[in-house]
Each structure stands twice: as C-alpha cells, then as structure tokens.
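Single-structure report; data block below.
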Amino acid sequence: MSVKLNAHRVFKGTVNYPGYLEALTLDNSREQLLRKARDTIRQTLRTSMPQWSVNTKLQTLVESSYKHLASQLPQLHPRFRMQGSSVYHTLNDPAHKPPQEVDYDDGVFLPTSFLEQNNAMKPLLAAKGYFTVVETTLKPLCDSNGWNLDTTKNSCVRIHINSEAHIDLALYAIPDKEFTKLIESSTREVFSDHNSSFDNEIGLPEPVYRLLSQQQIMLALRVNGWIESDPRMIEDWFKQAVQEQGEVVRRVCRYLNPCLTLCLAK
C-alpha cells in the first residue's frame, strides 16, 4: 500500500510554523539596501552619462570605422527597468553563502542612433564604448561606498554591494528616433487620464516598452558586440504561466532555485 505525503505545510508554512518559503524570503532591511543602491546607481548614470556627449569623449564611444559619425550620437540619457527575480517576485535569500548571492537585476536602456549594417539596424554606439562609459561613471561611486565593480561578466556590469548580494546592469540600446515618437505618443495617452502618471525622466514607460519591436532592443556584450535580446520574452512567458497555473508557479520556482543555483555553481 503506497502512502502519499503532503508536504505543502512544510514548504508554505502555517500560522504557527513559518515553513521553507519564509526561510527563503529576503528580510525587508536587506531588500531596502539593494533598492537604495539601485536608485543611487541610476541617479549617478542619469547625471553623469550625458557629460560623455561632449566632443572630447565622443570618439571613445563608437567603433573606429565610424568615428566620422560620432557627432551624430545623441546625448546619453539612459532609462531604466527592473528585470529578473525582483520583477517575477521570486527573489530569494540564498541558503549557501558563499557561493550564492542575492541577484538584483536592472536594465539600462539607452536611446541612441542606429545604422544599417548588413541589412540590419545596429547601434552607432559601440558595445565596448557602452561598457566603458557605464563602468567609468560608476567606479568612483563604488569606491566611495565600498562596493566592488566586477568587469568580468560578458553580458552585464556587476556591482557587489557586499559579500551576500550584487546588482547586475544589463546594457540595452534602443533607437532614439523611435523612442522619441513612442514617448511623445504614450505621454499624450497617459496624461489624458488625470489619475495616471509615470516617471518620464528615469523609468522606461510601459506603453513605450511594449511597443518596441524585438529587433529594436539590442544587448551589449563585451565579446562579440551587439545581439538582439528582448527581455520581455521570458517576462511575458512567466506572467502567462502564473495566470494559467496560479501563484504556485512562483512558489515552486523559489523552492527549486537554491538547489539549481548551487548545482550550477559547482
């Protein structure tokens, strides 16, 4: 005779027993620390990156073959949008520290000029130049806060806030002309409803984000330059899974994540 064990209360907990889910939950003070660090990073980039648009620095931001077009680069005004587990509400406090760390993901979206190359549109801004301006801008901030700037990750800029957490900055480029048209259109739509608003200076508005085509979102890599990479694909897939299967999807992801992360680290 087989016996089925119901481990639901062990994982999710009860009124009197916190369970595994609560043990995985990052306490509020540590999450607030990450949010504050993220906001400081965003403000530093937003304030300092436009200064690279002066002629003396423009040459460092484009490939050598396009230096004659460097003056066509618009001012560097980044927008931001969170990604990953903090958006999916699956952020965990790791069980094995080290090697595991809290992973806080933020996307940096830079409206910039695009050129046609091999029948495809590519940013005039060089991927290498993008990493250079972001890392050079953030290095003093990291030094003053005791953070460690990790320049070894191929697909992001990683900042170790402490021994238990880091913030990953994925660097995206979007066409500045298309972005301008969409932002003007979405501003009219949003503000026609007096009860609605969005941060028009820092955030990437949802209407604009959703109307960009897959080919208009390019991710900068240290090696091999630019690639098409639409972060909305996995985000939309996950949201659809939760809609179809319920909140259990989030809980199962959180239960399994510590084990999978540890295996991958090994």
Side-chain angles (χ1 to χ4, degrees), residues 26 30-63 70 73-87 91 98 101-113 123-174 176 179 199-204 209 217-227 229 231:
L26 191 67
R30 292 171 65 200
E31 187 166 1
Q32 287 295 328
L33 175 67
L34 287 172
R35 289 180 182 175
K36 183 178 179 180
R38 176 205 64 186
D39 291 344
T40 303
I41 291 167
R42 286 181 170 186
Q43 187 59 39
T44 300
L45 291 175
R46 177 173 173 257
T47 302
S48 300
M49 283 182 69
Q51 298 174 16
W52 282 72
S53 300
V54 298
N55 290 332
T56 55
K57 293 184 178 181
L58 282 175
Q59 302 294 320
T60 65
L61 302 181
V62 299
E63 300 289 355
L73 275 176
Q75 275 209 334
L76 307 182
H77 289 297
R79 301 298 182 106
F80 305 91
R81 188 180 177 92
M82 288 296 291
Q83 300 179 167
S85 57
S86 61
V87 174
L91 189 66
E101 297 178 0
V102 176
D103 182 19
Y104 215 57
D105 298 311
D106 201 14
V108 183
F109 290 80
L110 188 64
T112 188
S113 307
L124 172 58
L125 177 70
K128 183 178 180 180
Y130 200 169
F131 277 98
T132 297
V133 65
V134 169
E135 291 169 351
T136 303
T137 298
L138 294 179
K139 185 63 166 64
L141 176 68
C142 292
D143 291 343
S144 64
N145 284 279
W147 302 339
N148 179 41
L149 180 63
D150 183 349
T151 61
T152 66
K153 308 298 290 184
N154 186 40
S155 59
C156 68
V157 174
R158 174 166 291 183
I159 299 175
H160 292 272
I161 303 302
N162 51 46
S163 62
E164 297 183 354
H166 63 258
I167 295 177
D168 282 341
L169 303 173
L171 308 183
Y172 296 97
I174 53 179
D176 62 317
F179 174 80
D199 187 338
N200 198 35
E201 294 297 326
I202 294 180
L204 183 61
Y209 185 57
I217 302 178
M218 306 292 292
L219 175 67
L221 301 179
R222 294 181 193 275
V223 181
N224 298 328
W226 294 102
I227 62 168
S229 181

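- The existence of a salt bridge linking Glu101 and Arg158 is excluded, since no basic side-chain nitrogen approaches an acidic carboxylate oxygen closer than 4.0 Å.
- Note on Asp168 versus Lys153: no salt bridge recorded, every NZ/NE/NH1/NH2 to OD/OE distance being 4.0 Å or above.
- The side-chain heavy atoms of Tyr209 and Pro231, taken from C-beta on, include a pair separated by under 4.5 Å.
- A heavy-atom distance below 4.5 Å is found between the side chains of Trp147 and Ile41.
- Closest non-hydrogen pair, Gly84 versus Asp105, comes out as CA-OD2, 3.9 Å.
- In this structure the side chain of Glu31 never reaches within 4.5 angstrom of the side chain of Val102, judged on heavy atoms.
- Ser113 and Leu73 make their closest contact through OG-CA, 4.0 Å (heavy atoms, listed as atom of the first residue, atom of the second, distance).
- Looking at heavy atoms from C-beta onward, Thr60 lies out of side-chain contact with Thr132 at the 4.5 angstrom threshold.
- Here the closest heavy-atom approach between residue Gly107 and residue Tyr172 is recorded as CA-CE1, 4.3 Å.
- No side-chain heavy atom of Leu110 sits less than 4.5 Å from a side-chain heavy atom of Leu171.
- Counting all heavy atoms, side chain and backbone alike, Gln83 lies closest to Ser86 at O-OG, 3.3 Å.
- Put simply, the side chain of Leu61 reaches to within 4.5 Å of the side chain of Leu76, judged on heavy atoms.
- Taking OG1 of Thr40 as the reference point, atom CG of Leu45 lies at 11.0 Å (rounded to 0.5 Å).
- Remark: Asp143 engages Lys139 in a salt bridge, criterion side-chain N to carboxylate O under 4.0 Å.
- Closest heavy-atom contact between Asp176 and Pro74: OD2-CG, 3.8 Å.
- A heavy-atom distance below 4.5 Å is not found between the side chains of Val108 and Val157.
- In this structure, the side chain of Trp226 engages the main chain of Leu125 through a donor-acceptor pair within 3.5 Å.
- Nearest heavy atoms, Asn154 versus Val223: OD1-N, 2.8 Å.
- Residues Arg79 and Phe179 meet the side-chain proximity criterion, which asks for heavy atoms closer than 4.5 Å.
- A donor-acceptor pair under 3.5 Å links the side-chain atoms of Asp150 to the main chain of Thr152, judged by distance alone.
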